[in-house]
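As a basis for the values below, the full set of heavy atoms in this structure was taken, side chains included, without hydrogen atoms, waters or symmetry mates.
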Amino acid sequence: PNPMIHCIGIGPGDPDYLTLKGNRLISEADVVAGFDAVVDIIRPFIKPTAEVITMGYKDQPAQLDKVAARHHDGQTCVVVFMGDLHFSGFQLLERVEHACGHGVPAVPGISSAQLMAEATRTLAAQAERVFVIFNNNYGTQGVEAALGLKRLLGLGKPPWAEGPFS
């Protein structure tokens, strides 16, 4: 098989929310990399012979270069992310791709937004419209008109939240 590198979202920090595919890729990997706290969560799934490369914000570029070198040497690698890698982890995903010199397949975990929806019983079938803002630096200009919002579910209250945006 062709050695690969994958970025894997592990969800909100509970190993029970790791997908079967993510678990399989982690358990088969020659190299597992990620922030210390993230690696600690999935450590039980890492095979004993795997190299573990942990990183912090300061040494992240150098550590990702190590992972990319292992990948280019033919080892199977995974980089694990806390949360939703397409929301909160997109910058790290871009850094992994930059270090490797090509696009990297991503395996999302169970989304914290899914857990929030379950906890609040916010179901699309029960709401006329639900829109979740994870991070919005655009203010209200055009958002209400563009989306035709009547209700907005936000994580935290942005400073511009008023009326239908509260």
Side-chain angles (χ1 to χ4, degrees), residues 1-127 130-137 152-156:
N2 186 17
M4 289 289 298
I5 182 166
H6 285 86
C7 290
I8 300 173
I10 69 160
D14 183 334
D16 287 340
Y17 296 116
L18 179 64
T19 65
L20 292 173
K21 182 175 183 176
N23 189 327
R24 180 182 54 78
L25 291 168
I26 291 166
S27 66
E28 294 173 355
D30 300 315
V31 177
V32 177
F35 288 101
D36 293 311
V38 182
V39 170
D40 286 345
I41 291 167
I42 53 95
R43 197 172 293 278
F45 310 117
I46 301 172
K47 68 183 179 184
T49 58
E51 178 183 6
V52 177
I53 299 174
T54 58
M55 65 189 75
Y57 288 104
K58 290 183 181 180
D59 67 347
Q60 184 183 79
Q63 297 300 77
L64 290 176
D65 286 342
K66 284 184 191 177
V67 175
R70 306 301 191 276
H71 163 62
H72 292 300
D73 286 343
Q75 296 183 45
T76 302
C77 304
V78 296
V79 180
V80 292
F81 295 64
M82 186 77 77
D84 254 328
L85 63 114
H86 291 294
F87 293 103
S88 59
F90 70 93
Q91 291 173 328
L92 181 54
L93 177 61
E94 289 174 347
R95 290 179 188 131
V96 172
E97 292 178 333
H98 178 76
C100 290
H102 59 78
V104 174
V107 178
I110 300 298
S111 165
S112 55
Q114 290 169 306
L115 296 176
M116 179 204 51
E118 169 56 25
T120 61
R121 296 296 176 150
T122 303
L123 304 175
Q126 295 175 338
V130 175
F131 182 70
V132 179
I133 292 179
F134 291 92
N135 183 5
N136 185 327
N137 296 322
L152 175 69
L153 175 60
L155 303 179

- Item | Atom NE2 of H72 with >12 non-hydrogen neighbours under 6.0 angstrom | yes
- What heavy-atom pair brings A29 and A50 nearest, and what distance separates the two atoms? O-CB, 3.5 Å
- Item | Atom pair CD/CG of E51 and D30 - distance to nearest 0.5 Å | 9.5 Å
- Task: Look up atom CD1 in I41 and atom CZ in R43, then write down how far apart they are to the nearest 0.5 Å.
- Result: 11.0 Å
- Heavy atoms of F81 and L93 approach each other most closely as CE2-N, 3.4 Å
- Query: Between M4 and P105, what is the shortest heavy-atom contact and its length?
  - Reply: CE-CG, 3.5 Å
- Message: So V96 and V67, do their side chains get closer than 4.5 Å, heavy atoms only?
- Response: no
- Count the heavy atoms belonging to other residues, nucleotides or ligands that lie under 6.0 Å from OH of Y17, then report whether that count exceeds 12. no
- Item | Of V107, V80, I10, the residue whose pairing with L18 passes side-chain contact (heavy atoms from CB on, under 4.5 Å) | I10
- Message: A side-chain contact here means heavy atoms from C-beta on lying under 4.5 Å apart; do D16 and I110 qualify?
- Response: no
- Item | Sidechain N-carboxylate O distance under 4.0 Å for R70, D73 | no
- Message: How about NZ on K47, more than 12 heavy atoms from neighbouring residues, nucleotides or ligands closer than 6.0 Å, or not?
- Response: yes
- Item | Minimal non-hydrogen separation, D65 against A99, with atom names | OD1-CB, 3.8 Å
- Rounded to the nearest 0.5 Å, what's the gap from CD on E97 to CG on L64? Could you check? 11.5 Å
- Note on the structure: When every non-hydrogen atom of F35 is compared with those of Q60, the smallest separation belongs to CZ-NE2, 3.1 Å
- Query: Can you name the closest pair of heavy atoms from I53 and V31 and give their distance?
  - Reply: CD1-CG1, 3.8 Å
- For side-chain contact (heavy atoms from CB on, under 4.5 Å), just list the numbers for H102 and I5, CA-CA rounded to whole Å, side-chain angles, deciding distance to a tenth of an Å, and then say yes or no. CA-CA 10 Å; H102 59 78; I5 182 166; 4.1 Å; yes
- Query: Would you call I8 and I42 a side-chain contact if the rule is heavy atoms closer than 4.5 Å?
  - Reply: no
- Using a 4.5 Å cut-off on heavy atoms from C-beta on, say whether the side chain of V104 contacts that of H71. no
- Q63 side chain to G56 main-chain N or O, any donor-acceptor pair under 3.5 Å? no
